[in-house]
2 protein chains.
Amino acid sequence: MNIGQASDRSGVSAKMIRYYESVGLLPSAARRPNGYRDYGDQEVAVLQFVRRTRDLGFSLDEVSTLLALWSNKKRPSRDVKRMAERHIADLEHRISEMRTVMRTLRDLAKTCHGDERSDCPILDDFAAPKTSITQRRKK
Amino acid sequence: MNIGQASDRSGVSAKMIRYYESVGLLPSAARRPNGYRDYGDQEVAVLQFVRRTRDLGFSLDEVSTLLALWSNKKRPSRDVKRMAERHIADLEHRISEMRTVMRTLRDLAKTCHGDERSDCPILDDFAAPKTSITQRRKK
DNA sequence: TGTTGACCTTCCCATTGTGGGAAGGTGCAG
DNA sequence: CTGCACCTTCCCACAATGGGAAGGTCAACA
């Protein structure tokens, strides 16, 4: 089948399918005499796997690793579970950072009238933060 | 003062200061006869404002708007509060998406032995998801 | 047969925000 | 005078995706 069909069935855009191939995430697709890429059910299954893991937030690098684990029938399930757990921990970390920011913004918003008046503690804080959230350096 | 000093005092890298200037987030810095950029306390204050708002996760576009609000003494505080609240809502949204993913991954990880055995429900799900989280299309 | 429209191909560009590094000028201290 | 730490601009890279141009292919339809 053509790339358009493979795209429809997998939910991965044709653009991305070509890109994944170009960066080596996917093997080079078979070609028809006219130069068109040719896909079978096997390839579509791989694309769906990629789509699914991308939707779950894994990076292309991680997806690449997961694909390798998937095709290696003998790998211990521990390896897979570890990847999942690392990703969960990563999400937890990011969420906790975002919550800290939310807390700060909520506190600031609470003290701001939010009406016609022009004085605004939010901007005052942005200009000269009292609470030292900002102190955390980038890694 | 030179850009290096301004960088140290504001916590914004020299590289980024130049970049912010180049994209119009900041006005062109004054120049010394030798071509070096010249900064005063005023400019450093602006840089700190940028640093702070960036740390809170505002995009450069939003920072630009916030800078305008900051310098416009007559704007209603409502405008500022609205920006803060929109950002909070955005964070809430992203967090909720991430939590959905976490829930899925936790469920999957729970069913995976995570030992020497090779059978792994996580990969099985990636290949053919039962729970239709993935069904949410991108926007 | 010829045309039209829906495909496909590759190639380049833009995004967002940051860093790395080269090649060259400047300024101060020893 | 030399060396070192600074400054300048310019280009490249990242991650992952989309837009779009220029051109080839194929099937259907008049």
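Throughout, protein chains are lettered first and strands after them, A, B, ... in sequence-line order, and every chain is numbered starting at 1.
Closest to the side chain of A:K15, out of D:dT17, C:dC11, D:dC10, is C:dC11. You'll find that the side chain of B:Y36 is closest to D:dC7, out of D:dT17, C:dT18, D:dC7. You'll find that the side chain of B:R18 is closest to D:dT9, out of D:dT9, C:dT9, C:dT18.
Distances shown here put a side-chain N or O of B:S13 below 4.0 Å from the OP1 or OP2 atom of C:dG19. For D:dC7, neither phosphate oxygen OP1 nor OP2 lies less than 4.0 angstrom from any side-chain nitrogen or oxygen of B:N34. Using a 4.0 Å cut-off, no side-chain N or O of B:R37 falls inside it from OP1 or OP2 of D:dC7. The side chain of A:R31 contributes no N or O atom lying less than 4.0 Å from OP1 or OP2 of C:dC8.
Comparing A:M16 and B:G35 against DNA chain D, the residue whose closest nucleotide sits nearer the 5' end is B:G35. Each of A:A14 and B:L60 was matched to the nucleotide of DNA chain C holding its nearest heavy atom; the match closer to the 5' end belongs to A:A14.
Between A:I17 atom CD1 and C:dT10 atom C1' there is a gap of 16 Å when expressed in whole angstrom units. Here the P atom of nucleotide D:dT8 and the OH atom of B:Y19 are 18 Å apart, to the nearest Å. A straight line from CE of B:M1 to P of D:dC7 spans 12 Å, rounded to a whole angstrom. The distance from atom CG of B:D61 to atom P of C:dT16 is 7 Å, rounded to the nearest whole Å. The interatomic distance linking A:D8 (CG) with C:dA6 (P) rounds to 15 Å, in whole Å. Remark: C1' of C:dT26 and CG of B:N2 are 10 Å apart, rounded to the nearest angstrom. Separating the CD1 atom of A:I3 from the C1' atom of C:dT9 is a distance of 10 Å, rounded to the nearest angstrom. Taking atom CG on A:L26 and atom C1' on D:dA16, their separation rounds to 14 Å, with Å as the unit.
The distance between the ring centers of A:W70 and A:F49 falls below 6.0 angstrom.
No contact: A:R32 has no heavy atom under 4.0 Å from any strand.
Under a 3.5 Å cut-off, the side chain of A:S64 and the backbone N or O of A:L60 do not form any donor-acceptor pair. In this structure, the side chain of B:R51 does not engage the main chain of B:V12 through any donor-acceptor pair within 3.5 Å. Remark: the backbone N or O of B:A29 is not paired with any side-chain donor or acceptor of B:R37 at under 3.5 angstrom.
Considering only heavy atoms from C-beta on, B:I3 stays 4.5 Å or farther from B:Y36 through its side chain.
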